[in-house]
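Each remark here refers to the structure printed beneath this line.
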Amino acid sequence: MLQRILPASIGLLALAALPSLPWLRSVHAADVPQAEASEAPTQREPDPIPPLAAPVSDAVSMARVPEDLLQRVGLQLVLDRQHRQLLVLHDGLLTRRFPAAVGTVGWETPAGRFRVMQMVKEPVWTHPVSGELLGPEEATNPLGSRWIGFYRDCKGREGWDGEQYLDIDGCTVAGFHGTPYRWTVGRAVSHGCVRLYEENVQEIFEMVRVGTPVTVLP
């Protein structure tokens, strides 16, 4: 039986400690406002583990892609939250599909049109509360071996995440990354980031560059 192992420390919209870049200053230990689990107003049992997405065909996958994206020249990534999969398109044609874990209810992966903002091999992750560092040599590093960031905001987030109430004050970022928890891929379980199998995120990392278009379908 699967057990829910989705602590608040995993993927809080990827509050990750990555190499110093101006747009990502908010994720360093010295800069990040603490993300704390506020005391729940009432006792509440953890939510059931979300089910895996049902498999769909290439045709069903492509039917959700907006027409203007099919006319776009070059490489682009299209994340389909509904079917929990990442599509790789080149000149409007589907070349690869990968299963993905997306944000859970209330912590949905941001929908919209973005671009790859940052790419990091062997990222180091910082626990948003304790400041503990997990490097690439740690088997439990929530980011796995690759990070591809595409979103940032400073609105803060709060609410029930399936296990506890969280109140995040400050900037958060979202991106594609690997995960040590392979069984979560294909489910809506994260705090906004997109988890991929290690072999898949490494393949995608070699395809994209900073500036590659990223579309997230609701």
Determine the minimum heavy-atom distance between [X] and [Y], stating which atoms define it.
X	Y	result
Pro50	Ala188	CG-O, 3.2 Å
Pro213	Arg72	CB-NH1, 3.1 Å
Pro110	Gly192	CD-O, 4.1 Å
Leu79	Val194	CD2-CG2, 3.5 Å
His83	Asp80	ND1-OD2, 2.8 Å
Thr109	Cys193	OG1-O, 3.8 Å

Atom pair [atom1] ([X]) and [atom2] ([Y]), whose distance is rounded to the nearest 0.5 Å:
X	Y	atom1	atom2	result
Leu133	Glu138	CG	CD	10.0 Å
Arg195	Ser190	CZ	OG	5.5 Å
Leu196	Phe176	CG	CZ	7.0 Å
Lys121	Gln202	NZ	CD	9.0 Å

Please state whether the rings of Phe114 and Tyr151 are parallel, tilted or perpendicular, taking 30° and 60° as the class boundaries.
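Judged by the thresholds at 30° and 60°, the geometry between Phe114 and Tyr151 is perpendicular.
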
Non-neighbouring partners of Pro180 that pass side-chain contact (heavy atoms from CB on, under 4.5 Å), sequence neighbours left out
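Here no residue qualifies.
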
Check side-chain contact (heavy atoms from CB on, under 4.5 Å) between Pro66 and all other residues, then give those that pass, not counting sequence neighbours.
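Pro66: side-chain contact (heavy atoms from CB on, under 4.5 Å) contacts with Asp68, Leu69, Arg113, Leu217.
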
Does any part of the side chain of [Y], heavy atoms only, come nearer than 4.5 Å to the side chain of [X], both counted from C-beta?
X	Y	value
Ile49	Trp183	yes
His177	Arg146	no
Leu77	Ile204	yes
Val208	Met119	yes

Test item: side-chain donor near acceptor, Ser145 and Glu122, under 3.5 Å
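Side chains of Ser145 and Glu122: no pair found under 3.5 Å.
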
Any sub-3.5 Å donor-acceptor pair from Thr179's side-chain atoms to Arg182's backbone N or O?
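No: the side chain of Thr179 does not pair with the backbone of Arg182.
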
Could you check Gln118 against Trp147 for side-chain contact (heavy atoms from CB on, under 4.5 Å), going step by step and ending with a plain yes or no?
CA-CA 8 Å; Gln118 188 192 36; Trp147 165 261; 3.2 Å; yes

Could you tabulate the donor-acceptor pairs under 3.5 Å formed by side-chain atoms of residues 86-103, not counting sequence neighbours?
residue, atom, partner, partner atom, Å
Asp91, OD1, Gly74, N, 2.7
Thr95, OG1, Val88, O, 3.0
Arg96, NE, Glu203, OE2, 2.9
Arg96, NH2, Glu203, OE1, 3.0
Arg96, NH2, Glu203, OE2, 3.2
Arg97, NE, Asp58, OD1, 2.8
Arg97, NH1, Val56, O, 3.0
Arg97, NH1, Ser61, OG, 3.0
Arg97, NH1, Gln85, OE1, 2.9
Arg97, NH2, Val56, O, 3.1
Arg97, NH2, Asp58, OD1, 3.0

If hydrophobic residues (ILVMFWY) are linked whenever their side-chain heavy atoms come closer than 4.5 Å, directly or via other members, who joins Tyr197 in its cluster?
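Same cluster as Tyr197: Val185.
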
How does the hydrophobic cluster around Leu52 look, that is, which other residues are in it when side-chain heavy atoms under 4.5 Å mark a link?
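Once heavy-atom contacts under 4.5 Å are chained together, Leu52 still belongs with nothing else.
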
Spell out, yes or no, whether Phe205 and Met207 are grouped together once hydrophobic residues are joined by side-chain heavy atoms under 4.5 Å, including indirect joins.
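Linked within one cluster.
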
Are Val201 and Val216 linked, directly or through other ILVMFWY residues, by side chains that come within less than 4.5 angstrom of each other?
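Yes.
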
Quick test of your reading: applying salt bridge (charged side-chain N to carboxylate O under 4.0 Å, His left out), list the pairs with at least one residue in residues 209-218, sequence neighbours left out, ordered by first then second residue.
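Checked against salt bridge (charged side-chain N to carboxylate O under 4.0 Å, His left out) - neighbours excluded - no pair reaches residues 209-218.
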
Verdict with reasoning, Trp107 to Val189, per side-chain contact (heavy atoms from CB on, under 4.5 Å)
CA-CA 9 Å; Trp107 299 83; Val189 293; over 6 Å; no

